[in-house]
Amino acid sequence: MYTTKDEQHLYQQAKALLDNKNDDVSVITTLRGVINYADWKYYVQDEPVLADAEYDTLYKKLKHLEEEFPEQQTADSPTQRIAKGLSEKFPPVSHLVPMLSLDNTYNAEDLRDWDKRCHDYLDENTLIEYCVEPKYDGASISLVYDHDQLARGATRGDGIMGEEITTNIRQIRSIPLSAPFSSKGVEQTEIRGEVVIHKKTFTAFNEQRSAEGLAPLANPRNAASGTLRMLDPTEVRKRGLTAILYHISYYTLTSSHKRPKELATHYDSIQWLYQLGFPTPAKEMKVFTDINDVIAYCGEFEQRRDELPFEVDGLVIKVNSFDMQDRMGMTTHHPRWAVAYKFKARQATSRLLRVEFQVGRTGTITPVAKIDPVPIGGVTVTSVSLFNEDVIREKDLYIGDTILVERAGDVIPYIVKPLAELRTGKEEKIIFPAHCPACNEPLVKVPDEAALRCVNINCPAQVVERIMHFASKDAMDIRNLGGANILKFYELGLLNDIPGIYTINWEEIKKMDGFGAKSITNLQQAITNSKQQPLSRLIFGLGIRFVGETTAKTLAHAVAHISELYDWDTTRLATLEDIGPKVAASVVSFFQEKANRETINELEEQGVNLANHHRGGQATTGELTGKTFLFTGTMQQLKRSDAETMVEEKGGTILNGVSSKLHYLVVGEDAGSKLEKAKKLGTISIITEEEFLKMIGS
Ligand code: IVH
């Protein structure tokens, strides 16, 4: 796509734009070119040329210019990947050419048979070139480009009709919104490919889902196809999908053009697409003329299948010449000129022996299936996570079931399904515990969440993590009581729960290596100081699920003493701004847990502040007394919670929502609905972070 010279030039243009403070509209085309180039380097080549902040600066510049000069905006501008609102539904569309499947082969013999069939079709003595490339395991898509512009993206559907998903396709940053097909006389073209998700992205995504109590997605393929059909394009964008285009299925040429040489063979067409900026298997392709070489390559590639960043389930072997492909044609199911060589399945059957329940660091109860040890793809699998109760019910699993287990590459093993037809009637239901296996306190189920949880903050399975959170900088800020010390004290039995922080046996600590008189005095001082922390920090430090710093402040402001919250029900909690049913239910179950109330009492006995002094009539007075503030969007210089503390220290009050009671809305980057609402009300002073800093004299 770009020559080295182009690349150098674009890079210099990017730097010049970054240095140039002048936002003259004349740079708009250059800006677009530079950003498209940076996207290509990042998403297709995996070699970023700009630092994130530099990229953001250029992107914002372009966005501002396009807002100011809307007539200069183009459909293929990088800013146009962002979709506002939800997709209504995905209308059916006919593919220009039916999207066929592939015939499968599993061994050398199958491949030799196919090679023979190819020679039978063409001519016994013809030399056939075979192109070999990975078979990507994702969701197949078709893209139509019309006069160089991406005109349509569709799913495979039934192969004849697919679903139109153009808006979602535009969220995939490796897919170009325009490409210079017309340079070779191509007017309209349909390109096939696969949408995939990197294994790393998939793992991170599932970890996040588990942390949120949501059922994880089974495998990268399901993640890719499910994401493509999501109604919210911004969510699609966040999931970090990518694409690989592997086939030109259709094209028309302008009357004055003959077929370009790029469209004579599959190999050249894929290299050409790559030149045009598309992600393709260009670098992974091999061409052979002898089927034995193809077979040898397949065996060799299978050995290193895990080295690719995404899942591959085989290789695809294609007759290279398009003329030969045309002569061979296709069946109703698959083209005769291509075949898939499928790798050995990484599935095996085993038996579900029992289910154990593990308590995670944050109290989530995870059922883990213990299975008859079974080797899959070189690893013996003995345990398989079942994630949560919903997964067990959906899969309809019983103890004693024969099960199909899959281990896809780096992805953790999972149970595909039970083989219900092999049941003997002796299988047993999986019973969930009512009490925590580690501390025996009752487990709770949060509405809308699949997971059961133990909410006892002193549960031994969670306590170290909980103490770390309590002492952390944004909570009680106990300097020097970091993770390593907490773990050491815990292992020696010197610190067993949160209140234990305030009754540490210092004589024992003095005997330990690495604790001099000075470090002990510092630690003692930090612990004593923490007793005076505001109530909001204490509430945040308790680690109530879904209660972050802002919600902790809301809760603290609503009461004069924490014990008032013991009796609040979900309805009352939901009257507070920004507290929805999920957060309310979590707060209620936390304070209902007897062990948690006892912990809070113990903290009070140790002299820890549990009162909200602002509410108790001793509010700080200062230059902001009587003034109300709300922060929205991303702040550049300040952390939001620090900014809020600054306001409170000067006597001001933080509100949780935009209403007529609000005096100042401080807006950061990408402020959304709150800003809109404030503008509509018209009575609120809308100020920037800088203006705020000036106002408070900082
Ligand atoms: S060629 C008419 N090439 O595998 C040509 N397909 O199991 C058809 N697939 O439906 C496809 N990687 O979704 C081709 N390099 C590759 C592929 C590939 C993955 C998918 C494709 C196809 C399915 C068949």
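Start at 1 and go down the list; that is how both ligands and their atoms are numbered. The structure presented is a predicted model; accordingly, all values stated were derived computationally and were not measured.
- Partners of Lys286 according to the side chain to side chain contact (heavy atoms under 4.5 Å, CB included) rule, which considers only residues two or more places apart in sequence or in another chain, are Phe288, Tyr297.
- Annotation: side chain to side chain contact (heavy atoms under 4.5 Å, CB included) contacts of Ser94 (sequence neighbours excluded): Met161.
- In this structure, Tyr145 has its ring center closer than 6.0 angstrom to the ring center of Phe278.
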Polar pairs, ligand 1 vs protein, N/O only, below 3.5 Å.
from: ligand 1; atom 1: 3 (N); to: Glu133; atom 2: OE2; distance (Å): 3.4
from: ligand 1; atom 1: 3 (N); to: Lys318; atom 2: NZ; distance (Å): 3.0
from: ligand 1; atom 1: 4 (O); to: Lys135; atom 2: NZ; distance (Å): 3.1
from: ligand 1; atom 1: 7 (O); to: Lys135; atom 2: NZ; distance (Å): 3.0
from: ligand 1; atom 1: 9 (N); to: Tyr246; atom 2: OH; distance (Å): 3.4
from: ligand 1; atom 1: 12 (N); to: Tyr136; atom 2: N; distance (Å): 3.0
from: ligand 1; atom 1: 13 (O); to: Ser140; atom 2: OG; distance (Å): 3.3
from: ligand 1; atom 1: 13 (O); to: Glu194; atom 2: OE1; distance (Å): 2.8
from: ligand 1; atom 1: 13 (O); to: Tyr246; atom 2: OH; distance (Å): 3.1
from: ligand 1; atom 1: 15 (N); to: Glu133; atom 2: OE2; distance (Å): 2.8
from: ligand 1; atom 1: 15 (N); to: Pro134; atom 2: O; distance (Å): 3.0

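- In the model, Thr402 has no side-chain atom that pairs as donor or acceptor with a side-chain atom of Thr349 under 3.5 Å.
- Side chains of Arg336 and Arg117 form no contact here, defined as non-hydrogen atoms less than 4.5 Å apart.
- Remark: Arg152 pairs with no residue by the side chain to side chain donor-acceptor pair (under 3.5 Å) rule, at least two apart or across chains.
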